[in-house]
Amino acid sequence: MKNEQYFFDALNELISFKSVKGEPIDEKPFGEEVYKAYDYFMTLASGMGFETINYDNYIGEIVYGQGEEIGIIGHLDVVPAGDGWNSDPFTLTLKDGIYYGRGLQDDKAPLLICLFVLKELKDGKFPCNKKIRLIVGCNEESGWQDVEYFKSKSTFPEYGFSPDGNFPVSYAEKGMNIVKFYLPTLKNFSCIKGGTVVNAVCGNAWCKATDKGIDLDLIKKHNLILKDGNVIESLGKSCHGSRPELGKNALKPLFEYFLDMGEDVQKVIDYLFNDRGGLRNMLNEQGDVTFSPDLIEEKDGKIIITCDCRIPAPLSLADIIPVFDSFGIEYNAEEKHDAVMVDKDGEFVQTLLNAYKTVTGRESKPISQSGSTFARAFKKGVAFGPEFEDEPSSIHEANERISEESLYKLYSIYKKAIFDLVK
């Protein structure tokens, strides 16, 4: 890795920003901490001699070269740290050959690597007959307002990749949908709250109980915790909402406890947690439908459960609506992003795939993924790393991490890919 110390100093600084979306302040649309991370990154790029374009602190662009345009897009905002960390989530920590910190995989380190690869390309005066546009987002985790703002000011390249998915290369992404279910309030439980963001499995949920809502034996049966005399808490394991099978949803044992205490929640357990409607049986070459109840709150006299639903092309939300109708629970479904596919045998995908094969020595094929990435911003966009096939994901989890070996490997893969794309 060229400029190694420079890179790690920059990564350490970048991880230190608690760049979770906050309230707008002055000309900082996503809050102070997101702005700090963004300003640091853009100032870093400018100091390297790159042309930079600031779109009113919503999103930025770093430009190098001339010719046919190729885009790279990532983001500096992160999901909340949550509980369960063994180190400070906003301090880059190296322990036993593994780096820890919120944003290491999603998406600060991969985006920073791409910037340093461009620096190596520029400083070395290597041949470049393409125009690389490195686009720096600030709102990927909670709304994509940055991308929408960019569209109002400029246009995206036709081809591009996002270093915010899976290796070897993801040529297709499932459609992302938000489904809200509305339940009546319960007899003996109130103030139900749980989850952090809609695209992360609920790792913690709690409620207040009346005297009739407390049964110590049943609390123990469902591995719940009684706190402060009347607060019942459920602890799970968070993970990315597109891969709910990798986590443990804290809402399920809480609702199973409600059921044992005589509350009318059987349909919730059957359909939202046990897949009685058969959503997982709807699958094709791109994968299966995934469904994850990730947020819960009481509001306006109802309990609202917000779910992350991913649908593989060519299926769409319209194909899933009849299944939701069969639940017999009031709901509202909103399509956030369409499913996308790029020619997996085309030159662009194959160039990226070859970079991965060359560095890792693995004979792999393009894949479809569940996650929704900024690759969708391009007409022909793909996700390209940073998650390796044989390594467990830690994205959106406590102790987000990447090994030293994998970090250096990432640099080599992105360098090979970018250098080959611009020839």
Side-chain angles (χ1 to χ4, degrees), residues 79-80 82-83 141-142 174-186 189-207 222-224 232-261 263-282 287-300 302-311 317 320-337 370-372 395-397:
V79 298
D83 298 325
E141 298 291 4
S142 53
K174 296 177 181 180
M176 181 179 177
N177 306 269
I178 306 300
V179 190
K180 293 187 176 183
F181 291 89
Y182 302 90
L183 316 173
T185 56
L186 305 181
F189 304 93
S190 63
C191 302
I192 304 174
K193 188 78 174 175
T196 54
V197 290
V198 69
N199 58 349
V201 166
C202 180
N204 180 264
W206 64 93
C207 67
H222 294 288
N223 294 313
L224 303 175
I232 298 175
E233 184 177 23
S234 176
L235 300 179
K237 179 178 181 292
S238 188
C239 67
H240 200 286
S242 66
R243 299 287 303 279
E245 71 279 3
L246 299 179
K248 180 183 178 183
N249 199 309
L251 292 177
K252 185 178 181 182
L254 195 61
F255 271 86
E256 289 172 337
Y257 176 75
F258 293 159
L259 182 65
D260 279 354
M261 293 299 294
E263 300 287 354
D264 184 16
V265 294
Q266 186 68 62
K267 286 183 179 179
V268 176
I269 295 170
D270 286 346
Y271 290 102
L272 272 58
F273 295 103
N274 292 337
D275 195 31
R276 184 174 175 182
L279 284 172
R280 296 189 192 97
N281 295 328
M282 304 178 72
D288 61 352
V289 174
T290 62
F291 181 81
S292 183
D294 293 334
L295 294 173
I296 190 168
E297 64 174 340
E298 282 198 43
K299 187 177 181 181
D300 300 329
K302 291 191 175 182
I303 298 170
I304 305 170
I305 302 177
T306 304
C307 307
D308 181 330
C309 181
R310 311 286 172 122
I311 303 173
L317 180 58
I320 310 299
I321 289 296
V323 180
F324 292 146
D325 288 343
S326 73
F327 292 4
I329 305 173
E330 180 187 354
Y331 76 94
N332 176 66
E334 177 186 0
E335 188 173 61
K336 300 296 288 185
H337 302 293
S370 300
S372 177
I395 288 177
H396 290 196
E397 295 182 12

**Q** Which atoms form the tightest heavy-atom contact between I303 and P184, and what is the distance?
**A** CD1-O, 3.5 Å

**Q** With sequence neighbours left out, what residues match D270 under salt bridge (charged side-chain N to carboxylate O under 4.0 Å, His left out)?
**A** R276

**Q** Determine the minimum heavy-atom distance between L279 and D275, stating which atoms define it.
**A** N-OD1, 2.8 Å

**Q** Restricting to non-hydrogen atoms, name the atom on A250 and the atom on S234 that form the minimum distance, rounded to 0.1 Å.
**A** O-OG, 2.6 Å

**Q** My understanding is that only residues two or more places apart in sequence, or in another chain, count here; which of them pass side-chain hydrogen bond (donor to acceptor under 3.5 Å, both in side chains) with N274?
**A** K252

**Q** Is it true that a side-chain atom of H240 and a backbone atom of S242 form a donor plus acceptor pair closer than 3.5 Å?
**A** yes

**Q** Quiz question: by atom type and distance under 3.5 Å, do the side chains of D325 and Y331 form a donor-acceptor pair?
**A** yes

**Q** For the pair E334 (side chain) and I178 (backbone), establish whether a donor and an acceptor sit closer than 3.5 Å, ignoring hydrogens and angles.
**A** no

**Q** Which class fits the ring pair F291 and F327: parallel under 30°, tilted 30 to 60°, perpendicular over 60°?
**A** perpendicular

**Q** I need the E263 CD to F189 CZ distance, nearest 0.5 Å.
**A** 5.5 Å

**Q** Work out which heavy atom in L272 is nearest to a heavy atom in P293; give both atom names and the distance.
**A** O-CG, 3.3 Å

**Q** Can you name the closest pair of heavy atoms from D294 and V198 and give their distance?
**A** OD2-O, 2.6 Å

